[in-house]
Amino acid sequence: MAKKKKQQKQQQAQQQSAKSEALTLKDQLNGDVLEKLKLAKKDLVAKEQAAQDEREAKLAFERKQREKNKSFEELLNEYGDKGAKFNS
């Protein structure tokens, strides 16, 4: 039983030291440095979003161009007899 108590005390000590180490990194960071990191993260997210929007717009434009440049035969094969309201 003495071994179990020693092991439990060691584990508790390790957990407490791990918690204190985790807190020290945050404590060591200056407020200015933390703000710069947050600002850099926000800028990066905004750039990624803008790039994603640009890619989506480019793909939509390319789809429209392909649709616009289809021949009559391609359109007929694709849509076929779907124009039923024009049939008698």
task = Drop me the distance from Lys42's NZ to Leu37's CG, to the nearest 0.5 angstrom.
result = 13.5 Å

inquiry  = I'd like to know if the side chain of Glu56 pairs up with that of Gln52 as donor and acceptor (distance under 3.5 Å, no hydrogens or angles considered).
reply    = yes

ask   = Residues in salt bridge (charged side-chain N to carboxylate O under 4.0 Å, His left out) with Glu67, at least two apart?
value = Lys70

task = Would you indicate whether Glu62, at its atom CD, is surrounded by more than 12 heavy atoms from other residues, nucleotides or ligands within a distance under 6.0 Å?
result = yes

request  = Measure the CZ-CZ distance between Arg66 and Phe61 for me, rounded to the nearest 0.5 Å.
outcome  = 11.0 Å

key: Heavy-atom neighbours of Gln65 CD exceed 12 at 6.0 Å   = yes

request  = Please round to the nearest 0.5 Å and tell me the distance separating atom CG of Asp53 and atom CD of Glu48.
outcome  = 12.0 Å

